[in-house]
Amino acid sequence: DTNRNRPRDVVVRVAAELGLYGRCVERLVDVVVGGQFGSEGKGHIVSHIAPGYDVLVRVGGPNAGHKVYLEPEPFTFHHLPSGTLHNDHAKLILGPGAVLGLSKLYEEIAKCEIPADRLSIDPQAMIIEPHDAAFEAGTLVKSIGSTGQGVGSATARKVLRTAASPNVRLARDIAELRHYVRPTHRLLEDAFAGGSRVLLEGTQGTGLSLHHGFYPHVTSRDTTVSGCLAEAGIAALRVRRVLMVCRTYPIRVQSPKGATSGPMSKDLPWAEIARRSRLPLEKLRSSERTSTTNRPRRVGEFDWDLLRKAASLNAPTDIALTFTDYISSANRNAR
Ligand code: IMP
Ligand code: MG
């Protein structure tokens with residue numbers, strides 16, 4: 001009845017009657033989240049398992065740097081899914097909850113030579129403006145050790161909607177992105193209808209969650225599995241497995257001068273990790289720098305209380321334990 005309904009409503013009713021939407025929800029999505037304060041090695045895990053999926057989805061913004069192993073040298077992703085270079089048949093999706101730094105995004109698209117039909121960016125993904133990074137430099141960087149990429153400021157402006165200053169620009173407003181912008185919800189629906197396997201890659205770690213972490217020493221998003229699903233636009237019942245990545249020794253970024261990057265169970269000097277593992281101290285110091293801002297990292301004892309909380313918030317089906325060589329250098333080739 002097109003007197004009561006718009007034509008598209010009629011299409012929905014007819015398609016439902018014909019059973020074209022399918023009757024059961026197949027669990028096709030695996031989610032990777034961090035169990036600590038980020039830098040758990042999610043990029044390595046995601047790139048390793050990426051060949052088993054048809055669609056790779058990443059959430060979050062350019063404050064997260066996900067490093068992947070590549071010859072001759074590793075590559076750090078700030079926007080694109082970490083499996084991009086390890087599975088070239090997979091479609092790439094940045095959902096409506098993504099926060100985009102345009103220069104970094106363009107650089108990654110160019111370096112990875114991504115064709116327009118491979119990458120889809122939702123029209124409602126948020127754009128970071130120069131204002132956002134400038135704003136964080138004077139405040140968040142000095143107080144909590146923020147990466148200062150403008151992600152928190154841009155997210156706050158998105159929440160302010162028409163009251164935001166400067167005005168909000170979304171992916172749909174950026175002419176240069178037009179070949180990549182299309183509603184990602186439709187793509188995911190089609191992927192699910194076709195039985196495609198989807199890998200959803202979270203950023204940061206549970207201890208940095210805006211709601212569940214140690215506020216204000218947190219990032220600007222909910223880093224748990226539910227937060228990642230919301231940003232991507234994926235229903236909870238779609239999830240098959242949740243893989244939580246944990247390090248043997250959690251890290252945080254070095255504390256800013258006269259402030260702290262937040263609580264950790266028990267800080268350790270890198271020399272102690274070197275002593276226990278027999279790894280060279282200089283090697284630890286040079287590799288343990290943050291991927292986005294190249295600042296030194298703090299390190300601490302494994303935090304069992306945080307593991308318990310992260311396990312309860314994410315209900316992982318699997319845990320990937322990384323940095324086992326920090327227990328003993330004899331584990332260098334452990335898998
Ligand atoms: P922001 O999200 O850049 O504002 O940073 C807030 C806090 O989260 C700081 O302590 C950052 O060092 C930390 N953080 C943000 N993103 C990451 C990440 O991807 N890995 C590790 N730490 C992060
Ligand atoms: Mg990182």
Side-chain angles (χ1 to χ4, degrees), residues 32-47 58-69 74-82 97-101 104 108 126 128 131-159 201-224 227-228 231 245-247 249-257 259-264 267 287-300 306 310 320 322-323:
V32 173
V33 291
Q36 294 149 330
F37 304 106
S39 313
E40 297 98 348
K42 292 179 292 296
H44 289 303
I45 301 294
V46 167
S47 59
R58 212 200 91 161
V59 295
N63 45 354
H66 289 186
K67 197 182 272 186
V68 305
Y69 183 80
F75 189 86
T76 303
F77 287 101
H78 293 283
H79 278 302
L80 299 181
S82 299
V99 181
L100 307 175
K104 274 201 168 125
E108 266 171 45
M126 181 68 189
I128 299 171
H131 157 88
D132 296 310
F135 178 79
E136 292 186 355
T139 51
L140 286 175
V141 176
K142 290 179 188 148
S143 59
I144 63 163
S146 166
T147 65
Q149 298 300 300
V151 179
S153 169
T155 302
R157 287 191 304 105
K158 191 177 190 188
V159 172
E201 173 182 2
T203 59
Q204 291 97 18
T206 303
L208 286 175
S209 167
L210 175 65
H211 306 309
H212 309 292
F214 303 86
Y215 193 92
H217 304 281
V218 294
T219 189
S220 49
R221 54 184 292 278
D222 177 21
T223 53
T224 66
C228 296
E231 289 171 6
V245 188
C246 297
R247 305 172 52 117
Y249 292 94
I251 64 94
R252 273 184 183 271
V253 70
Q254 193 177 63
S255 294
K257 214 163 173 238
T260 174
S261 59
M264 281 180 90
D267 278 84
S287 64
E288 288 290 358
R289 302 182 73 87
T290 54
S291 323
T292 301
T293 50
N294 194 32
R295 280 178 287 179
R297 292 168 171 160
R298 293 161 64 188
V299 66
L306 178 61
T322 54
F323 295 87

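Whatever order the structure lists ligands and atoms in, that order sets their numbers, starting from 1. From a predicted model like this one, the values you see are computed outputs, not experimental measurements.
With respect to S261, the side-chain hydrogen bond (donor to acceptor under 3.5 Å, both in side chains) criterion is satisfied by exactly one of H217, R252, R298: R298.
Of all protein heavy atoms, the one closest to atom 10 (O) of ligand 1 is I144 O, 3.5 Å. The single protein non-hydrogen atom nearest to atom 1 (P) of ligand 1 is S146 OG, 3.4 Å, given as residue, atom name and distance. Of all protein heavy atoms, the one closest to atom 17 (C) of ligand 1 is Q204 CG, 3.4 Å. Atom 14 (N) of ligand 1 has L208 CD1, 3.7 Å as its closest protein atom, hydrogens excluded (heavy atom only). Of all protein heavy atoms, the one closest to atom 19 (O) of ligand 1 is A64 CA, 3.0 Å.
Taking every heavy atom of both residues into account, V33 and T224 meet most closely at CG1-C, 4.2 Å. Looking at every heavy atom in both residues, G35 comes nearest to C246 through CA-SG, 4.1 Å.
Atom-to-atom distance recorded for E288:CD and I251:CD1 is 6.5 Å, nearest 0.5 angstrom. To the nearest 0.5 Å, atom NE2 of residue H211 and atom CZ of residue R221 are 10.0 Å apart. One distance of note links OG1 of T76 with NZ of K104; it measures 10.0 Å at 0.5 Å rounding.
For ligand 1, the atoms sitting less than 4.0 Å from at least one non-hydrogen atom of F37 are 21 (C), 22 (N), numbered in the order shown with element in parentheses. For ligand 1, the atoms sitting less than 4.0 Å from at least one non-hydrogen atom of G145 are 9 (C), 10 (O), 11 (C), 12 (O), numbered in the order shown with element in parentheses. Annotation for ligand 1: atoms under 4.0 Å from non-hydrogen atoms of S39 are 20 (N), 21 (C). Near V253, meaning under 4.0 Å from one of its heavy atoms, ligand 1 places the atoms 10 (O), 12 (O).
With atom 6 (C) of ligand 1 as the reference point, the heavy atom nearest to it among V218, T155, T147 is part of V218. Between atom 2 (O) of ligand 1 and the options L210, T219, T203, the minimum heavy-atom separation is to T219.
At a 3.5 angstrom cut-off on N or O pairs, E136 does not count as close to ligand 1. Remark: ligand 1 and R252 share no N or O pair separated by less than 3.5 Å (distance only, no angle test). Some N or O of N63 is nearer than 3.5 Å to an N or O of ligand 1, by distance alone.
Counted by atom type alone, Q36 and R247 present zero donor-acceptor pairs between their side chains at under 3.5 Å. Judged by distance alone, the side chains of S82 and E201 do bring a donor and an acceptor atom under 3.5 Å apart.
Counting only distances under 2.8 Å, and ignoring water, the protein N, O or S atoms around the Mg ion (ligand 2) are G65 O.
Distances from ligand 1 to the non-hydrogen atoms of G152 include no value under 4.0 Å.
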